[in-house]
Every structure is written in structure tokens, then in C-alpha cells.
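The chains referred to below are lettered A, B, ... by the order of the sequence lines, with proteins before strands, and numbering in each begins at 1. Worth saying up front: this structure is predicted, and the values here are computed from it rather than measured. Worth knowing before you read on, the calculation uses all heavy atoms, side chains too, and leaves out hydrogens, waters and symmetry mates.
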Amino acid sequence: MDQQWFADLEARIPHGEVRTRFAPSPTGYMHVGNLRTALYTWLIARHAGGKFLLRIEDTDQGRLVEGAVDVIYNTMRRCGLTWDEGPDVGGPVGPYVQTERRSLYKAYAQLLVEKGAAYYCFCEKAESKEDSGEFQREDDPCRNLDPKEAQARVDAGEPYVIRQRIPHEGHTTFHDAVYGDITVENSELDDQILLKRDGLPTYNFANVVDDHLMGITHVVRGAEYLSSAPKYNLLYEAFGWEIPTYVHCSSIMIQDSETGAVRKMSKRHGDPSYEDLLADGYLNEAVVNYVALLGWAPRGELAEREFFTLDELAAVFDIEGVSKSPAAFDIAKLTYFNASYLRAMAPEAFAAAAEPWIRKSVTKPAFDVSAIAALLQARCEKLSDIPEKVDFFDKLPVYGVDLYTNKKSKTNTDVSRTMLKAAIPALEALPVWDQTSVHDCLIDLAVQLGVKNATLMWPVRIAVAGKAVTPGGAVELCCILGREESIRRMLIGLALLG
RNA sequence: GGCCCGGUGGUCAAGCGGCUAAGACACCGCCCUUUCACGGCGGUAACACGGGUUCGAUUCCCGUCCGGGUCACCA
């Protein structure tokens, strides 16, 4: 590649605006940690009125997953994390898929070889971590190969990788917006591979090249990359490129439900991914809101605030508020956020969201789904709580008479029998069957019988539902069940009471 | 093990030399009530430890301990 080729690429780089990028590998699902990184990356760009790009890092040919890129698109869209440039929408610095940029990495790696900052290595591939420790990297015979000889072997078709030539002496300091200055001895750094035998770049190299060529100003990533960051500086320096602002985010931990140990959250251990959470009835807005607060907190006046929409987050997000210490994912708190979002929904919106879940156990068309949803809105924390709560509508459960005994309501089987005997004819005689008439009827009856409301309501509710805990009270349930079914169930209860 | 990074209640966290050390979740009470919820009110609970620096340390420095990360032709 000649000078002009490189110059043309450099000429495409936008300047003068904040540009961030989310660069996932297509693995087929979104980790909660990845989601948070994507979110923070997006927020930094949007807060600054800059650009947010999507780049697909698919350089690991051995781990390609069918359809995984679509999962990324869908997840990002679902979360509202819009991108200005990316594989599907294009942009000035494309292509945005790394395998489509392969010739580029090779050219830059060779440029580094010419500069003396990298070298060809012909050593056998290490089959395992242990193997790689056979000899100290600094003793790598290839490192000191005569450039002409190395080139000759390359030209002869001998397989090779290109390694970064790390100085043996001195130290490297890099700056991170969250962690501050970090200094390491160069002797601690290894001559990492830049270009693999298959001609594709390693993550560490592709990142540097792409981030520069795409004009990325803020590199946001997980803290697991913190220790490799100094090597990046050396690369940028060798190229003579401006170093972007690094923003490393601490890991998201989770307490293992079995061992109780705290470890990094991972799909491999069965920890929930974004998709899993949605499938379990969590709302996207709640997940995003919760995740935003896992490792970031608003400061000053906003310090006590917890509820934010995406746009509100974009307005107040600042790197200053990003935490250095790892945060534990707490499903209970996410559940609280979810419950709050659920309750804040317009009744119609909630009914629409709840319907598929209600229909999992309420299949009879006669029952009014929106009426059931109304009962559920304040009584479920996540949509998946629903089916179990409304399972008695379709079919009266088999239950024992002990349910009729409740101390607080002052009922037992004898009292319940009396109550049902009185309630059945009263309800049968009602001219209309609606919330108000059923309610007034039973309240009046309680007065006539000289008992507290609960004493009458309890057995009625137990009879029509067949379970101790129900969403809504006797009146609501009777209304939804309808007169015929309600009376039928009360007669069954009466029979049970003997 | 080497190197790097962390350490405020069980969890998320505010704090950025002087505070009775916020707030939220969870938990526990009480109220409301037609079960359960919702809602309202209240409560238990924290600066890992030891040295410094300073008139004064949760806050700054060092050490210890603990936790995490990383040492791949994976990202």
C-alpha cells in the first residue's frame, strides 16, 4: 500500500464532534454488562450531541453464530439505542464490519513492521496457555530476525503472525477517564499478536485501527480490558495517532444463588441476559433504567433521583458519575423498577402488555381481559407473575374447607356456610350484575347479618376463586366470573361445607 | 503466582478534610383494607483493619487484609 492509500483513509476521518461506538461480537445475545456498556456509550454521544456508531467485531471465525447480528440490531432498537453509522445504514468511514475491512488491518500491521514497532513471527501456534509459556516472549527468536530475512520467508509463503514489538525497558502510562492514570512497566507487557495466521486482526489491534480510522473520541469498554490498555498507547504512539479518551466501566457482578459467591455476571453461568429478562416479563424501560444505575449515579441535585427515561439520562449523564468499583446485579431491585414502571403505565397499555400473559391461563373468551388486567396492574411485579395469579378463572381449583377459616375475617366453616347460604339468594335476586350492584348487595347483606364486611366477603371470595390469595376481592371476582359461574361456584362451596 | 484495579449498611449508592454519614431496594413493624397487593408512616442496618499527614479524617498517603480483572493466533 502506498502513502496515498493511507492518506485517503485518514482523509475520511471526521473531526470536531464526539464520536463513540459500540462494537459487539455477534454472539447471539446481549449480556447485561454489554447492554450497560452500549448504553453508556450511547449516552456519552447523545449527551454531547455527537455520533454513535455500531461496528461488528467478527474477527473470530471460530465463533460465528448464525443470525447473531440481527439479535444485536433488534436489541439496540428495542432499547432505543439508535445509531448514526453502522453496517446497515452505512456512513463515511465504513465498512462497519471487521471481516470486510481485513485488507486494511494487514496494511496497517505491515506499516508497523516497517516502522519497527512490530515484527513477523513464524513460531508454532501455542495450543494452550501453558504452551505459550514455553519461552519468555522476549526470547522469541523471531523478534530479532533480520527484517530482510523475515520478509523473504513471508514472500516464500511461510505462515506467520505479526507481533507488536514492546520495548523491554521503561514504562507506559495511560489515562482513563474513570480510573485516572495507570502506569505499568513495559516488561510486564507481552509482544501481543496483532495479525493472526488467518490474516485477520486480533481484537486489540482491530480496535486501535478502527477506532482511529472511524474518528472515535471516547472508547467505552469493560474494565476487563484495563490491563491491555497500555499496549494500546504504544500502538497509537507507533502510528503517531492521537489517543482517544478511555472510559472503562467496572464489571457487573452477581451473587451465585447456590454458592453465594460473588462473581462476574455471565451467560455461561446461567445468569440472565437482556433477552432472558424480557422473556421473563421485565419491561425494556425498567431494565434500561436499572442498568443505567448499575455503575453510574447522578450527582448533586439529582443524587436522590432514580427514575429516568432514556432521553432524561442522555441529558444528565456524565462520565464523572461512573463508578470504579464493581456493582452487583440485584434482581430484587430490578423487580422494583419493573413494578413501578408497570404501575405507571396507562391502563390500556398495561392491558395490552398483560393480555398475552393472561391468556396463558385464562382461555375462556367470556372473561373480560381488560377487567382482569385492571386487577393485576398493582399486583404484579413482572408480567410472568400473571398466569399463576389468574389460573382460577378457567377452572375452579380443588381446595380444602380449611380455606374458609380465617381469624382476621372472623370466619370458619360454620360461619362460612351461613354466609354463603345468605349470599346466594341475595345475589341471584339482583336485577343487574355489575360492580356496584354486587358490591352494594353484599355490603347491605353484611349489615343485615350484623357481621363485618370481611366475614361475608371472605367465604364468597374463597368459594368463587378456590384459593386463598387472589388478585382483587370477592366483588371484583364475581363481576368477572359472571352471575351464573359465581353462583355455581358458591353452591359447590356450600356443598363442600356440608 | 506476577501485574493492574477496587473496598461507605445484605444490595445500588451520595459524600469529594469539619455532616446527628443522604436516598433507594430488600427486611421488620404500624395504618389503610373485601384476601393479596397498591399507598402512607416508622424502624433495624455502613465508612474493612493498622499506621501516618492534619487542629480535624469516610474523604489525602503508606502497609495489611479481602474482592475483582488480566496474563490466548477469544473478544
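The nearest whole Å value for the distance from the CD1 atom in A:Ile386 to the C1' atom in B:C36 is 15 Å. B:C73 atom P lies 17 Å from atom CZ of A:Phe122, rounded to whole Å. Distance CZ (A:Arg102) to P (B:C73): 18 Å, rounded to an integer number of Å. The NZ atom of A:Lys467 sits 14 Å away from the C1' atom of B:A37 (whole-angstrom rounding). Between the CG atom of A:Asn186 and the P atom of B:C4 there is a distance of 13 Å, rounded to whole Å. Rounded to an integer number of Å, the gap from A:Ile193 CD1 to B:A72 P is 10 Å. Atom pair A:Ile254:CD1 and B:G68:P shows a separation of 15 Å (rounding to whole Å applied). If you measure from atom CD1 of A:Ile331 to atom C1' of B:C27, you get 18 Å, rounded to the nearest angstrom.
Note on A:Val184: only backbone sugar-phosphate atoms sit closer than 4.0 angstrom, heavy atoms only; bases stay farther off. Within 4.0 Å (heavy atoms only), A:Tyr225 reaches at least one base atom of the nucleic acid. No engagement by A:His248 is indicated, since no non-hydrogen atom pair under 4.0 Å with the nucleic acid exists. Using a 4.0 Å heavy-atom criterion, one finds that A:Gln98 contacts no nucleic acid atom at all. Across all strands shown, A:Val460 has no heavy atoms under 4.0 Å from either base or sugar-phosphate atoms.
Using the Watson-Crick or G-U wobble rule with both distances under 3.5 Å, B:G39 pairs with B:C31. The partner of B:G23 is B:C12, by the rule that a Watson-Crick or G-U pair needs both atom distances under 3.5 Å. Pairing partner, B:G2: B:U70, with both Watson-Crick or wobble hydrogen-bond distances short of 3.5 Å. Remark: B:C60 base-pairs with B:G52; criterion is Watson-Crick or G-U wobble with both hydrogen-bond distances under 3.5 Å. In this structure B:C65 sits in a base pair with B:G7, meeting the Watson-Crick or G-U test at under 3.5 Å.
Side-chain contact of A:Ser384 with A:Asp280: a donor-acceptor pair under 3.5 Å is present, judged by distance alone. A:Thr436 and A:His439 share no donor-acceptor pair across their side chains, judged by distance under 3.5 Å alone. Defined by atom type and a distance below 3.5 Å, a donor-acceptor pair is present between the side-chain atoms of A:Thr75 and A:Glu275. For the residue pair A:His175/A:Asp181, the side-chain donor-acceptor check at 3.5 Å is satisfied. Under the 3.5 Å distance criterion, with hydrogens and angles disregarded, no donor-acceptor pair is assigned to the side chains of A:Asn338 and A:Thr335. No side-chain N or O of A:Glu185 forms a donor-acceptor pair with one of A:Ser187 less than 3.5 Å apart.
Listed candidates were B:A26, B:U35, B:G69. Nearest to the side chain of A:Glu224 is B:G69. Among the nucleotides B:C73, B:C4, B:U35, the one closest to the side chain of A:Ile182 is B:C4. Here B:G68 is the nucleotide among B:A75, B:U34, B:G68 with the atom lying nearest to any side-chain atom of A:Met253. In the set B:U34, B:C73, B:A75, B:C73 carries the atom at the smallest distance from any side-chain atom of A:Arg163. Taking every side-chain heavy atom of A:Lys408 into account, B:U35 is the closest of B:U35, B:U34, B:G69. The side chain of A:Glu476 approaches B:U34 more closely than any other nucleotide in the set B:C5, B:U34, B:U35.
The side-chain tip of A:Arg153 points at the ring of A:Phe122 from less than 6.0 angstrom away and within 45° of straight on.
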For this session: Quick one, give me the B/S/- string for nucleotides 6-14 of chain B, reading 5' to 3', where B means a protein heavy atom under 4.0 Å from the base and S means that only happens at the primed atoms, P, OP1 or OP2.
Result: SS---SSSS
Exercise. If the sugar-phosphate is the primed atoms plus P, OP1 and OP2 and the base is the rest, what is the B/S/- string for nucleotides 38-49 of chain B, using protein heavy atoms under 4.0 Å?
Worked result: SS----------
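With a glycosidic angle no further than 90° from 0, B:C38 counts as syn.
Between the C1' atoms of B:G15 and B:G7, the separation comes to 16 Å (whole Å). On the C1' atoms, B:C65 is 10 Å away from B:G50, given to the nearest whole Å. Across B:G1 and B:A24, the matching P atoms stand 42 Å from one another, rounded to whole Å. The same atom, P, is picked in B:C47 and in B:A22; the two are 13 Å apart, to the nearest Å. As rounded to the nearest Å, B:A46 and B:U58 have C1' atoms that lie 10 Å from one another. When the C1' atom is compared between B:C19 and B:A57, the two are found 13 Å apart, to the nearest whole Å.
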Considering only distance and modelled atom types, tabulate donor-acceptor pairs under 3.5 Å from the side chains of residues 467-478 of chain A, sequence neighbours left out.
unit_1, atom_1, unit_2, atom_2, d
A:Lys467, NZ, A:Glu388, O, 3.0
A:Lys467, NZ, A:Asp391, OD1, 3.0
A:Thr470, OG1, A:Arg461, NH1, 2.9
A:Thr470, OG1, A:Gly472, O, 3.0
A:Glu476, OE1, A:Gly473, N, 3.0

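Ring to ring, A:Phe205 and A:Tyr108 are not that close: their centroids are 6.0 angstrom or more apart. Here the two rings, on A:Trp296 and A:Phe317, have centers that are under 6.0 Å apart.
Contact annotation: side chain of A:Arg461 to base of B:U35, donor-acceptor pair present below 3.5 Å. No N or O donor and acceptor, one from the side chain of A:Tyr336 and one from the base of B:A26, sit under 3.5 Å apart.
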For this session: Show your working on side-chain contact (heavy atoms from CB on, under 4.5 Å) between A:Tyr341 and A:Phe307 and close with a plain yes or no.
Result: CA-CA 9 Å; A:Tyr341 272 90; A:Phe307 288 89; 3.7 Å; yes
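Where A:Trp458 and A:Glu185 meet RNA chain B, the nucleotide closest to each residue was compared, and A:Glu185 sits on the side nearer the 5' end. Between A:Gln435 and A:Val161, the residue anchored closer to the 5' end of RNA chain B is A:Gln435, taking for each the nucleotide with the nearest heavy atom.
For B:A75, the OP1/OP2 oxygens have a side-chain nitrogen or oxygen of A:Thr59 closer than 4.0 Å.
Between A:Arg101 and A:Asp210, at least one side-chain nitrogen of the basic residue sits less than 4.0 Å from a carboxylate oxygen of the acidic one, meeting the salt-bridge criterion.
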